[in-house]
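In what follows, a single structure is set out as structure tokens and then discussed.
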Amino acid sequence: MVVTDDEALYKLMLSLRAHGWTRDWPENSSSDNYCFVVPGYNVRPLELAGALGLSQLDRLESILAGRMKNAGEFLKLMEDHSQIRIQKVKAGVSSWYSFTMILPESFPCARDHLMKSLRDSGIESRLITGGCFLRHPMREHFDFSTSGDLTQAKMAHDRGLFVANHAVEMGDMFSVLNRVLKEIQR
């Protein structure tokens with residue numbers, strides 16, 4: 001446990017315990033939840049979280065089945081929005097943690113506007129976790145090199161978002177998502 005009255009130290013400690021990002025900072029808005037400022041760790045889990053996680057293993061197959069069913073509905077819905085890039089599993093199996101979308105440059109609005117429209121309609125969305133790590137302040141702490149111009153990572157960083165998937169039926173959410181996407185593209 002750490003106790004401090006130093007705001008800068010408080011924010012640094014919050015970031016260090018949560019992978020180095022700023023999402024737990026009090027003044028954070030939803031659009032900067034994934035800004036990484038320092039190298040960090042995942043030291044949030046406790047024994048209670050471990051016990052809960054172990055109890056979920058008995059339900060793993062049904063959780064995955066529910067997520068895959070929702071993924072099928074998402075893929076079908078997105079056939080009407082084919083200009084938006086989405087996750088597609090070509091080989092193997094995915095847990096379908098979320099439904100990822102990357103907006104094309106020609107999309108009629110910026111990603112943040114779409115995220116606000118989704119939020120106003122009751123759908124939480126987030127930036128693609130991390131995006132392009134070289135655009136985060138924490139890069140200053142590393143000696144690194146890159147291969148290529150990182151076009152895809154930059155695209156995900158600038159135009160990517162996701163909505164959560166769950167193990168329960170999400171038909172209403174898909175209807176709202178479809179409506180919002182259609183309204184924005186008019």
Side-chain angles (χ1 to χ4, degrees), residues 18-37 56 59-138 148-186:
H19 306 288
W21 65 33
T22 62
R23 80 178 197 173
D24 293 330
W25 287 12
E27 70 276 9
N28 231 9
S29 69
S30 64
S31 65
D32 51 19
N33 277 343
Y34 292 102
C35 180
F36 291 83
V37 292
Q56 293 295 316
R59 298 182 43 221
L60 182 61
E61 292 303 318
S62 66
I63 290 170
L64 291 175
R67 287 177 180 245
M68 288 183 178
K69 181 178 182 289
N70 290 335
E73 291 184 44
F74 174 75
L75 292 172
K76 183 164 179 49
L77 175 146
M78 294 306 291
E79 289 174 1
D80 292 336
H81 307 283
S82 59
Q83 74 281 14
I84 299 173
R85 289 177 61 183
I86 61 170
Q87 171 185 348
K88 295 179 182 171
V89 178
K90 297 193 187 255
V93 177
S94 171
S95 68
W96 287 95
Y97 161 78
S98 64
F99 302 120
T100 304
M101 296 177 272
I102 298 180
L103 306 178
E105 287 183 19
S106 62
F107 201 72
C109 71
R111 173 197 54 210
D112 290 348
H113 178 76
L114 173 59
M115 291 175 71
K116 181 182 181 321
S117 296
L118 290 171
R119 184 175 51 250
D120 291 348
S121 297
I123 298 177
E124 181 182 350
S125 63
R126 295 189 179 184
L127 303 179
I128 293 177
T129 308
C132 181
F133 279 111
L134 297 184
R135 291 204 176 160
H136 293 276
M138 66 84 190
D149 63 4
L150 306 177
T151 302
Q152 301 299 315
K154 291 174 184 174
M155 182 185 339
H157 190 93
D158 295 335
R159 299 194 314 262
L161 69 141
F162 69 81
V163 296
N165 186 6
H166 303 282
V168 297
E169 190 272 324
M170 296 174 57
D172 291 342
M173 190 277 297
F174 291 130
S175 296
V176 173
L177 175 61
N178 192 39
R179 178 184 51 78
V180 169
L181 289 172
K182 285 183 177 183
E183 285 174 0
I184 282 180
Q185 296 179 72
R186 281 189 198 150

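Treat the numbers as computed from the prediction; the structure is a model and nothing was measured.
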Subject >> Donor on one side chain, acceptor on other, Ser94 and Gln87, under 3.5 Å >> reply: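 Per modelled atom types, Ser94 and Gln87 side chains form a pair under 3.5 Å.
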**OP:** Evaluate whether atom CD of Glu183 has more than 12 neighbouring non-hydrogen atoms of other residues, nucleotides or ligands under 6.0 angstrom away.
**Re:**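 Yes, the 6.0 Å shell around CD holds more than 12 heavy atoms from other groups.
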**OP:** For the pair His136 and His157, name the ring-plane relationship: parallel under 30°, tilted 30 to 60°, perpendicular over 60°.
**Re:** perpendicular
Quick one: does [X]'s side chain get under 4.5 Å of [Y]'s, heavy atoms only?
{"X": "Leu118", "Y": "Val163", "value": "yes"}
{"X": "Phe74", "Y": "Met101", "value": "yes"}
{"X": "Leu181", "Y": "Asp80", "value": "no"}
{"X": "Trp96", "Y": "Leu75", "value": "yes"}

Original post:
Should the pair Asp149-Lys154 be classified as a salt bridge under the 4.0 Å nitrogen-to-oxygen rule?
Top reply: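 The answer is no: the pair does not qualify as a salt bridge.
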Subject >> Asp120/Lys116 salt bridge by N-O under 4.0 Å criterion >> reply: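 Answer for the salt bridge query: yes.
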Separation of [Y] [atom2] from [X] [atom1] (nearest 0.5 Å):
{"X": "Thr100", "Y": "Phe162", "atom1": "OG1", "atom2": "CZ", "answer": "7.0 Å"}
{"X": "Leu114", "Y": "Ile84", "atom1": "CG", "atom2": "CD1", "answer": "7.0 Å"}
{"X": "Arg119", "Y": "Asp112", "atom1": "CZ", "atom2": "CG", "answer": "8.5 Å"}
{"X": "Leu177", "Y": "Lys182", "atom1": "CG", "atom2": "NZ", "answer": "11.0 Å"}
{"X": "Arg159", "Y": "Leu127", "atom1": "CZ", "atom2": "CG", "answer": "14.0 Å"}
{"X": "Ile86", "Y": "His81", "atom1": "CD1", "atom2": "NE2", "answer": "10.5 Å"}

Original post:
Asn165 and side-chain contact (heavy atoms from CB on, under 4.5 Å): which partner among Arg67, Met68, Met173?
Top reply: Arg67
Subject >> Minimum heavy-atom distance Cys132-Ala153, with the two atoms named >> reply: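 Smallest interatomic distance, heavy atoms only, reads CB-O, 3.6 Å.
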**OP:** Please report the shortest heavy-atom distance between Ile184 and Pro108, naming the atom on each side.
**Re:** O-CG, 3.5 Å
Original post:
Checking side chain to side chain contact (heavy atoms under 4.5 Å, CB included) for the pair Arg179/Ser121: CA distance, chi angles, key distance, verdict?
Top reply: CA-CA 10 Å; Arg179 178 184 51 78; Ser121 297; 3.5 Å; yes
Subject >> Polar side-chain atom of Asn178 near backbone of Leu77 as donor-acceptor pair, under 3.5 Å >> reply: no
Subject >> Asn70 side-chain N/O to Val168 backbone N/O, donor-acceptor pair under 3.5 Å >> reply: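 Yes; judged by distance alone, with no hydrogens or angles, the pair exists.
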